[in-house]
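Not measured: the values here are computed from a predicted model. Sequence positions, counted from 1, serve as the residue numbers for this chain.
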Amino acid sequence: MALDVAFLGFEPAGSENLPLRLLARAADNAGYSVRVATASRKLDGARVLRKVLKRNPAALGFNLNHPTAALFDITLATLARKWGYTGYIFCAGSVASLQTEWLLERVPALDGLLRFDAQTEIKALLDSVIKHEPLKYVAGMATRNTRNAPRIHSSNPVWTPVRGTLPTVFGVPIAEVASSKGCNHRCDYCTHAAMAERAFRESGVRDVPRSTLHARYGNLLRRPLNEFADEIAALYHHQGARFFQLSDSHPVPEKKADAVDWAQTLRKMLDVRKVGPVGFGMMTRADRLDRDVVDALQKLGLMRTLAGVESGSESGLNRLGRRGDFRQGIRGLDALSHAGVATVFNSLLLNPQSTPDTVREELNFLDGVRGVIFDAAKLRPYAGTVAYDNLQRAHRLEGGEIYSTFNFDDPVMQRFAALQVKAASRVGRNEPVAIMCDLLLSTAILERFGGRPGSAALVREDLLAFAHQVNRDRVFLLRNLLSAAENDTDGELAIARWMRVCTETTVQLGKLENRLTTEAGNQTSAAHYYRNFSAALALTFALSTGVGCNRVEDISDQTVERNNDPDDDESDSSAAMQSTNPVVGEDTDSGKKTDTGEDTEILENGCTQTETTENNSRLSDTGRECVWQEGYDEPYKILIGSDGFVEKITLNPDAYAATEMEACLYDILSGEQFPCLAGEDLEQYYPIVLTE
């Protein structure tokens, strides 16, 4: 049977790529035969692509919803062309909408970008591609010769994705779902706000109040609760799902009465549909929570949350261009902690307006946090956002178009930022935040669904004790790094202590995970979502920043032989490779066959790997002290200078040649296709955080 369109992407183990799957459903609803093919590890992309191309689809689609996914999708598109694919290749998502010119200039494999409201316009695009008609009627479409204006209208989103086999944690199926779309806020650093503003500019609409435009495009749209309950019930009864991760940014209404009513009404609807106890993970705004709201959410099944806090002071929120009540945010964190909800939040400690005094103020807030996990991060200025544009005008941007960062005019803050990077790079895979987040979810699932609530509760208490100590140690580190920056010292003692803390904590967390696995019967595994996601991001961060200075170097002089024959199934085989056959389901609405599963290849050792080595100091070519940091499960190393900045990326071409995917990525990074990811007028060295 002919295949009209295949949607490809990255889907870390234990998660679902919901934006990609929703776009696939929109194409399916339009009457086209659809296949979703995803890789759980980036090294597996070639095998997934090979299976798809055997079906000879008329089009390949990617959904670039985050800059860090772009390099993987770009590599797949390029590899498809290398293998002789002549069909139509397009991208959707926020990166396609906000970095249009860059993608079209740098990625010859792409034919076009379906920007802004891709779900609504996918039918028009596929009609044009399949029928070989002009693209002039596809709103928001961009090619090298065309820029079509977007339509500003009320969105009619697709809510139910094309699904495959659900991921599991300790044998409990989990599913990603969506209860809303859009946002009523316009924070300076938000890509959603940037997309809405760019859509307004390109729409050609004139003489219409901005408030009217906001009401017609980009504002928060809530899914009818009865439809949402129907999807949860179907997943519960037919696929055994017990934990549901809400992918939307604002599932909980902001007004207290509305939030309580939302949680209580949804629980009643689930009861009517004979849905038993379930668990939920979702994003929340801490400044919209109190004991009553958290109590209603907990009765619904709230088990974990990424709480929107960003800063513990009014001035901090103002510097971020974010509205909110920081005092209520602190009370919201207390309510979550008191209820025992597994909670993590990010403090945007470093933002373009940070000073030593604002850092101290934020650290005082963080020092008082109890019962939740936090990470101190640097604001990411995504292309197209207000924050990005302001930094660009001030000539403060650094890094590449895939991942940008910024510098400081204040030399103290610049040294402090570099020391943070240096500390994070030294710690590498031993950063405990991702491990603790995964284990808290695993513990909650085992406690609720595993039949061993007492044992799991004891592990949870130990985890929270570790979290408390790690929080305190992180604040101690940051205070010492700030002092080192102010005194222009290297901060080595503080970094060495932090490395020791992280290493020892990781060992203890591993023992806790073993306890959980034993409780679960050793037949299933704990959650690895945050860890897999961190590992997958590490290479992208490194390459998108470090390669900007064209210092990608080989560590092997051997001739590399690469087999790029897409018909040779043995060319990238591995004894450790396992494959999962896709599930093919019958579409009950259209009567057509639609692939509803994923090609998720598990490659445990599919490339030449070196043994993990201890971090060690050495002198770089410039005479500065440097540290080698091996990158997770990817075959590369990063040379970090004593100033905490990347000096060069070292790739092993033999390792990258182990499969077609790695060979293609190596060609892109060391060849002429991306001569300078960062642009020609930027600095030579770029900061990188491996643990995000």
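Under the side chain to side chain donor-acceptor pair (under 3.5 Å) criterion, Arg472 pairs with no residue, sequence neighbours left out.
What you find for Cys437 and Ile373 is that their closest heavy atoms are N-CD1, 4.3 Å. Shortest non-hydrogen contact noted between Val275 and Val278 is CG1-CG1, 3.7 Å. Val433 and Arg474 make their closest contact through CG2-NH2, 3.0 Å (heavy atoms, listed as atom of the first residue, atom of the second, distance). Contact detail for Thr505 and Pro432: the closest heavy-atom pair is CG2-CB, 4.0 Å. Scanning all heavy atoms of the two residues, the minimum distance from Val369 to Asn471 falls at CG1-ND2, 4.5 Å. The heavy-atom pair separating Gln239 from Gly164 by the smallest distance is NE2-O, 3.4 Å.
A tilted orientation is assigned to the rings of Phe365 and Phe345, their planes being inclined by 30° to 60°.
Between the side chain of Asp290 and the backbone N or O of Asp292, at least one donor-acceptor pair lies under 3.5 Å. Of the possible donor and acceptor atoms, none in the side chain of His250 sits under 3.5 Å from a partner among the backbone N and O of Leu220. Side-chain atoms of Tyr189 never come within 3.5 Å of backbone atoms of Thr385 as a donor-acceptor pair (strictly under, hydrogens ignored). Proximity of a side-chain donor or acceptor of Ser15 to a complementary backbone N or O of Glu11 within less than 3.5 Å is not detected. A distance-only check finds no donor-acceptor pair linking the side chain of Arg222 to the backbone of Ser180 [under 3.5 Å]. Counting only distance, with no hydrogens or angles, the side chain of Glu16 and the backbone of Glu176 share a donor-acceptor pair below 3.5 Å. Of the possible donor and acceptor atoms, one in the side chain of Thr518 sits under 3.5 Å from a partner among the backbone N and O of Asn514. A donor-acceptor pair is defined here as one N or O able to donate and one able to accept, closer than 3.5 Å; such a pair exists between the side chain of Asn17 and the backbone of Phe10.
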Check the pair Leu516, Thr443 against side chain to side chain contact (heavy atoms under 4.5 Å, CB included), reporting the backbone distance first and the verdict last.
CA-CA 7 Å; Leu516 288 175; Thr443 304; 3.5 Å; yes
Take Arg460 and Glu447, measure what side chain to side chain contact (heavy atoms under 4.5 Å, CB included) needs, and give me the verdict at the end.
CA-CA 9 Å; Arg460 176 163 53 82; Glu447 192 172 359; 3.1 Å; yes
Residue pair Gln119, Arg25: steps toward the side chain to side chain donor-acceptor pair (under 3.5 Å) verdict:
CA-CA 9 Å; Gln119 289 182 7; Arg25 178 61 70 194; over 6 Å; no
Side chain to side chain contact (heavy atoms under 4.5 Å, CB included) between Leu363 and Leu349: does it pass, once the steps are laid out?
CA-CA 8 Å; Leu363 291 178; Leu349 184 72; 4.3 Å; yes
Determine, stepwise, if the pair Glu231 / Arg223 fulfils salt bridge (Lys or Arg N to Asp or Glu O under 4.0 Å).
CA-CA 11 Å; Glu231 183 184 16; Arg223 182 180 186 180; 2.6 Å; yes
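Going from atom CE of Met436 over to atom CG of Leu463 covers 8.5 Å, rounded to the nearest 0.5 Å. Rounding to the nearest 0.5 angstrom, the gap separating the CG atom in Leu166 from the CZ atom in Phe244 is 8.5 Å. One distance of note links CG of Leu336 with OG1 of Thr343; it measures 4.0 Å at 0.5 Å rounding. The CD1 atom of Ile122 sits 5.5 Å away from the CG atom of Leu114 when rounded to the nearest 0.5 Å. Leu22 contributes atom CG, which lies 7.0 Å from atom OG of Ser247 (distance to the nearest 0.5 angstrom). Taking CE of Met303 as the reference point, atom CG of Leu440 lies at 10.5 Å (rounded to 0.5 Å).
Contact check for Val177 versus Phe280: no side-chain heavy atoms found under the 4.5 Å cut-off. Proximity of Phe466 to Leu439: side-chain heavy atoms (C-beta onward) are nowhere separated by under 4.5 Å. Residues Thr284 and Val293 have side chains not in contact (no heavy-atom distance under 4.5 Å, counting atoms from C-beta outward). Looking only at side-chain heavy atoms (C-beta outward), Val48 and Thr38 stay at 4.5 Å or farther from each other. Within the 4.5 Å cutoff, side-chain heavy atoms of Asp462 are placed close to those of Arg515. When side chains are defined from C-beta on, Val169 does not count as touching Phe243, because their heavy atoms never get closer than 4.5 Å. Between Gln245 and Arg304 there is a side-chain heavy-atom pair separated by less than 4.5 Å. Contact check for Arg288 versus Val252: no side-chain heavy atoms found under the 4.5 Å cut-off.
Cation-pi check for Arg35 over Phe7 is not met; the charged atom does not lie both under 6.0 angstrom from the ring centroid and within 45 degrees of its normal.
Thr191 and Ser94 are not linked by any side-chain donor-acceptor pair at a separation below 3.5 angstrom, with hydrogens and angles left out of the test.
Electrostatic pairing of Asp230 and Arg273 counts as a salt bridge here, judged by a charged N lying under 4.0 Å from a carboxylate O.
More than 12 heavy atoms of other shown residues, nucleotides or ligands fall within 6.0 angstrom of atom NE2 in His237.
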